[in-house]
Amino acid sequence: MRILLTSILVFVNFILQTTLLPYLSIGGVLPNTALIIVVSYALLRGSISGAMVGFFSGMLMDIFFGTSIGFYALLFLLAGLAIGRSQKEFYRENYLLPVIICSLTAMVYESIVFITGFVFQGETNILYFLLRLLIPEAVYTAVVTVPIYRLLFGVNEWLELKEKYKYRLF
C-alpha cells in the first residue's frame, strides 16, 4: 500500500510540476516540489525511503528533461540519503526544520546545477544567479514546503496507523 501510494504521489507531483506549476511562477521562479517530497520522505521515513523517492523523482526528470540519464537521479538520491540520516533526532511534528532543510537543500541543488550547467560553459554571472534564481527559489520552496509537508505528514501518520493495526484481530 505504501509503495503504491508513494509511486502515485511521485508521478502526480511530476505531472503537476511540469504542467500546472509553470503557471504559478513568480518572476520566472518555480518551487521545486520534487525536492520538497524527497526531503519530506527522508525526514518522515528515513534515508532509504528518501533515497528511493529521490532516485525515482530524479529519474523521471532525467528521462523527460535531462541531457544525460542519471544526473538528477543522483542529486535527488544523495539529498534523500543525506537528509534521512538526521531522521532519528527530529520531531516530525515540528514544521520549522523541514522548511529550513528544504530551502537549504534547494540552494545546494541549484548551486550544483548552476556549476555543472553554466559555469563549465563559461557563463559566470554569479550575482544574477544569486539574486534572480537562488534566493527567490529557496524562499518560494520554503513557503510551499509547509502545505506539502503537512499533507505528507498526515498520509504518513495514516499509513503508520494502518500498518500498526494490520495484524490485530479485534
Inset, instruction - Give a yes-or-no answer on whether the side chains of Glu110 and Asn32 include a donor-acceptor pair shorter than 3.5 Å. - result: no
Legend entry - Over 12 non-hydrogen atoms of neighbours within 6.0 angstrom of CZ in Arg85: no
Legend entry - Glu137 side chain near Met107 side chain, heavy-atom distance below 4.5 Å: no
Inset, instruction - Answer yes or no: is there a side-chain heavy-atom contact under 4.5 Å between Thr6 and Phe56? - result: no
Legend entry - Presence of salt bridge, Arg150 and Glu93, under 4.0 angstrom: no
For residues 7-15, tabulate all N or O donor-acceptor pairs below 3.5 Å that involve a side-chain atom, not counting sequence neighbours.
residue, atom, partner, partner atom, Å
Ser7, OG, Ile3, O, 2.8
Asn13, OD1, Thr33, OG1, 2.7

Inset, instruction - Let me see the working for Ile69 and Met59 under side chain to side chain contact (heavy atoms under 4.5 Å, CB included), right down to the final yes or no. - result: CA-CA 7 Å; Ile69 299 293; Met59 194 55 82; 3.9 Å; yes
Legend entry - Side-chain heavy atoms of Leu21 within contact of Pro31, under 4.5 Å: yes
Legend entry - Any side-chain heavy-atom pair of Asp62 and Phe71 under 4.5 Å: yes
Inset, instruction - Report yes if some heavy atom in the side chain of Leu78 is under 4.5 Å from a heavy atom in the side chain of Leu74; otherwise report no. - result: yes
Inset, instruction - Kindly say whether Ile100 contributes a backbone atom to a donor-acceptor pair with the side chain of Ser103 at under 3.5 angstrom? - result: yes
Inset, instruction - Might you point out which heavy atoms bring Ala34 and Ser57 nearest each other, and give the distance in Å? - result: CB-CB, 4.4 Å
Legend entry - Distance (rounded to the nearest 0.5 Å) between Leu151 CG and Asn156 CG: 11.0 Å
Inset, instruction - Decide yes or no for Phe153 and Pro98: does some side-chain heavy atom of the first lie under 4.5 Å from some side-chain heavy atom of the second? - result: no
Inset, instruction - State plainly whether one hydrophobic cluster holds both Tyr128 and Tyr140, where clusters connect Ile, Leu, Val, Met, Phe, Trp and Tyr through side-chain heavy atoms under 4.5 angstrom apart. - result: no
Inset, instruction - Report yes if some heavy atom in the side chain of Tyr149 is under 4.5 Å from a heavy atom in the side chain of Leu44; otherwise report no. - result: yes
Inset, instruction - Starting from the C-alpha separation in whole Å, work towards a yes-or-no answer on side chain to side chain contact (heavy atoms under 4.5 Å, CB included) for Met1 and Glu163. - result: CA-CA 9 Å; Met1 178 78 171; Glu163 289 169 355; over 6 Å; no
Legend entry - Smallest separation among heavy atoms of Leu134 and Ala106, with atom names: CD1-O, 4.5 Å
Inset, instruction - Flag yes if Leu16 and Leu30 sit in one hydrophobic cluster, no otherwise; membership is Ile, Leu, Val, Met, Phe, Trp, Tyr, and two members link when side-chain heavy atoms are under 4.5 Å apart. - result: no
Inset, instruction - Go through the structure and list residues passing ring pair (Phe, Tyr, Trp, His ring centres under 6.0 Å) with Tyr109, not counting sequence neighbours. - result: Phe76
Legend entry - Connected via hydrophobic side-chain network under 4.5 Å: Ile112 and Leu81: yes
Inset, instruction - Please test Lys164 against Glu157 for salt bridge (Lys or Arg N to Asp or Glu O under 4.0 Å), starting from the C-alpha separation and ending with a verdict. - result: CA-CA 10 Å; Lys164 181 179 178 181; Glu157 290 293 314; over 6 Å; no
Inset, instruction - Show your reasoning for whether side chain to side chain contact (heavy atoms under 4.5 Å, CB included) applies to Met61 and Thr18. - result: CA-CA 10 Å; Met61 289 180 63; Thr18 57; over 6 Å; no
Legend entry - Rounded distance (nearest 0.5 Å) linking atom OG1 of Thr141 with atom CG of Leu104: 11.5 Å
Legend entry - Atom of Gly54, atom of Val38 and distance for their closest heavy-atom approach: CA-CG2, 3.4 Å
Legend entry - Leu24 reachable from Ile36 in the ILVMFWY side-chain graph, under 4.5 Å edges: yes
Inset, instruction - Might you point out which heavy atoms bring Cys102 and Thr145 nearest each other, and give the distance in Å? - result: CB-OG1, 3.4 Å
Legend entry - pair Val29-Val139: side-chain heavy atoms closer than 4.5 Å: no
Inset, instruction - Check the hydrophobic clustering (I, L, V, M, F, W, Y; side-chain heavy atoms under 4.5 Å; chains of links allowed) and say if Ile135 and Phe114 are grouped together. - result: no
